[in-house]
Protein chains: 2
Amino acid sequence: MGVRTLTDGVVRRTPLSRDRVLRAAVDLADVVGIEALSMRRLAQELGVVPMALYKHVANKDELVDGMVDVVLGEIEPADPTPDWQAAVRRRLLSAREAVLRHPWARKAIESRTRRTPMVLGYMDSLAGMFRAGGFSADLTHHVMHALGNRMWGFSPELFEEARDPDAPPPAVEEQEAMAAEFGRRFPHILEIATVATQGDLSGVGGGCDEQFEFEFALDVLLDGFERLRVQGWTSRR
Amino acid sequence: MGVRTLTDGVVRRTPLSRDRVLRAAVDLADVVGIEALSMRRLAQELGVVPMALYKHVANKDELVDGMVDVVLGEIEPADPTPDWQAAVRRRLLSAREAVLRHPWARKAIESRTRRTPMVLGYMDSLAGMFRAGGFSADLTHHVMHALGNRMWGFSPELFEEARDPDAPPPAVEEQEAMAAEFGRRFPHILEIATVATQGDLSGVGGGCDEQFEFEFALDVLLDGFERLRVQGWTSRR
DNA sequence: GTTGACAGGCGTACACCGTACACCTAACGT
DNA sequence: ACGTTAGGTGTACGGTGTACGCCTGTCAAC
């Protein structure tokens with residue numbers, strides 16, 4: 001025991017803290033992905049026994065909640081602008097940047113159900129931007145719902161690339177046969193993919209410019225919102 | 001062993017099949033929720049050993065894919081209408097009904113990454129409705145992305161009710177104190193909730209009419225789409 | 001100083017999960 | 001009559017989250 005005391009006196013770990021745990025979790029998830037993030041793995045990364053984490057985090061769900069809060073903390077604060085549309089747009093693109101820095105954040109946000117103060121704070125400030133832009137509380141409410149997950153800076157990936165990266169590209173003839181069969185069954189999707197990739201079908205679905213899609217949808221929504229606002233839209237009740 | 005043969009001859013289970021497995025999984029998930037659905041539990045429900053399932057389903061992911069396909073099979077097929085907007089609207093509301101019948105479907109669809117033929121078929125037919133309505137392949141592409149998960153008939157729940165149902169309602173004074181604190185930190189959300197619930201704050205967030213929110217957002221999008229269509233919108237490339 | 005509370009890290013243990021692998025058997029085409 | 005095979009069985013492995021009790025270093029109060 002004396003020995004332990006001695007070495008303890010020399011090398012002392014910086015003690016854990018909720019903050020250190022969350023940061024480590026974020027860093028780990030950035031590297032290995034959210035599905036490979038386990039309490040055990042995280043503990044190992046921190047040079048600590050798994051149960052030690054539970055002194056700082058109630059359970060894994062709360063850990064993920066905290067991780068989301070960390071990401072949200074990276075979003076630039078709202079800046080006051082007379083043009084609500086530009087302001088909201090800028091804010092959401094900033095949120096998008098934060099989310100894109102952490103590939104796991106999308107899934108984490110989608111799966112979360114608890115609304116932490118951080119989450120509420122963000123939503124509140126966003127709602128405030130609409131209010132300041134002249135939206136009624138009523139309209140603001142529905143507009144927030146209409147934004148949905150896009151208020152976190154992402155839209156669902158319709159064609160998430162499930163391509164196995166180290167699988168060899170299939171033979172040309174086989175590829176053509178599959179394309180033919182595909183085109184017979186799903187002609188419109190083929191057509192869309194052809195247009196989107198300018199004819200290069202070698203990675204159907206992987207060729208979507210997600211940033212463009214996000215801004216496209218966002219602008220459709222914001223324009224629609226503005227139209228409703230100027231015409232004094234109100235839910236009849 | 002003779003005994004076994006004898007009883008086997010008398011009571012013979014109807015054999016498993018991929019279809020029976022999927023249906024049982026859907027029914028089970030309807031009752032216990034998707035997170036309580038395990039291969040073991042499902043096998044038990046079917047009166048079979050867990051590994052037996054793997055003769056009909058490659059793994060759990062594929063099982064869930066199949067379950068989603070079952071739900072998608074409940075969506076009413078497209079009906080040809082000159083009015084693309086009404087047709088799409090009707091279709092998505094039908095999809096919504098199917099998804100609402102299976103509370104787990106939302107999460108399952110969100111988490112799925114593989115696009116089964118059934119999924120592709122649905123997306124293809126939806127894209128076809130836009131094409132038939134006069135949308136260019138280009139615009140159809142982006143419009144599908146903009147729909148996002150709403151094409152499956154649901155939008156993200158911003159305020160999923162995390163309320164513990166058997167927790168006793170807090171004392172009135174305590175509730176008021178919390179409301180006061182809440183209002184100080186999140187004034188706009190409080191405001192919105194007040195409007196949405198007509199002053200009854202006894203279940204903030206739980207009072208949203210999801211159906212209304214879905215249709216509201218959908219209409220904003222569809223109207224925006226129509227506007228882009230008539231003005232001949234095209235992505236400059 | 002001594003002591004006692006306590007915050008925080010440790011170790012063990014449990015129940016559950018998905019699924020690889022070997023086996024056994026009933027049904028069927030030849 | 002017989003080999004093949006589809007489909008259900010049993011066992012086992014490595015992983016998960018986390019409940020519970022212990023042990024120790026720190027620090028406030030006496």
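All chains are named by letter (A, B, ...) in the order of the sequence lines, taking the proteins before the strands, and each is independently numbered beginning at 1.
A cation-pi arrangement is found for Arg96(A) relative to Phe214(A), the charged atom lying closer than 6.0 Å to the ring centre and inside a 45° cone about the ring normal.
Distance, Met51(A) CE to dT12(C) C1': 11 Å, rounded to whole Å. Rounded to whole Å, the distance from CG on Leu42(B) to C1' on dC17(C) is 14 Å. The CE atom of Met39(B) sits 10 Å away from the P atom of dA20(C) (whole-angstrom rounding). Spacing between atom CD of Glu35(A) and atom P of dT16(D) amounts to 12 Å, rounded to whole angstrom units. The separation between Tyr54(B) atom OH and dT11(D) atom P is 18 Å, rounded to whole Å. Per the geometry, CD1 belonging to Ile34(A) stands 14 Å off P belonging to dT16(D), to the nearest Å. Residue Arg18(A) contributes atom CZ, which lies 16 Å from atom C1' of dG8(C) at whole-angstrom precision. If you measure from atom CG of Asn59(B) to atom P of dC17(C), you get 17 Å, rounded to the nearest angstrom.
If you check distances only, the side chain of Arg40(A) never reaches the base of dG15(D) with a donor-acceptor pair under 3.5 Å. Between the side chain of Lys60(A) and the base of dG17(D), no donor-acceptor pair of N or O atoms lies under 3.5 Å.
At a cut-off of 3.5 Å, with distance as the only test, no side-chain donor of Thr116(B) or Asp65(B) sits close to an acceptor on the other residue. When only modelled atom types and interatomic distance are considered, Glu210(A) and His145(B) share no side-chain donor-acceptor pair under 3.5 Å.
Here His56(B) reaches the OP1 or OP2 of dG8(D): one of its side-chain N or O atoms lies under 4.0 Å away.
Comparing Lys55(B) and Ser38(B), the nucleotide of DNA chain C nearest to each residue sits closer to the 5' end for Ser38(B).
Asp124(B) places a side-chain N or O within 3.5 Å of a backbone atom of Ile189(A) that can act as its donor or acceptor partner.
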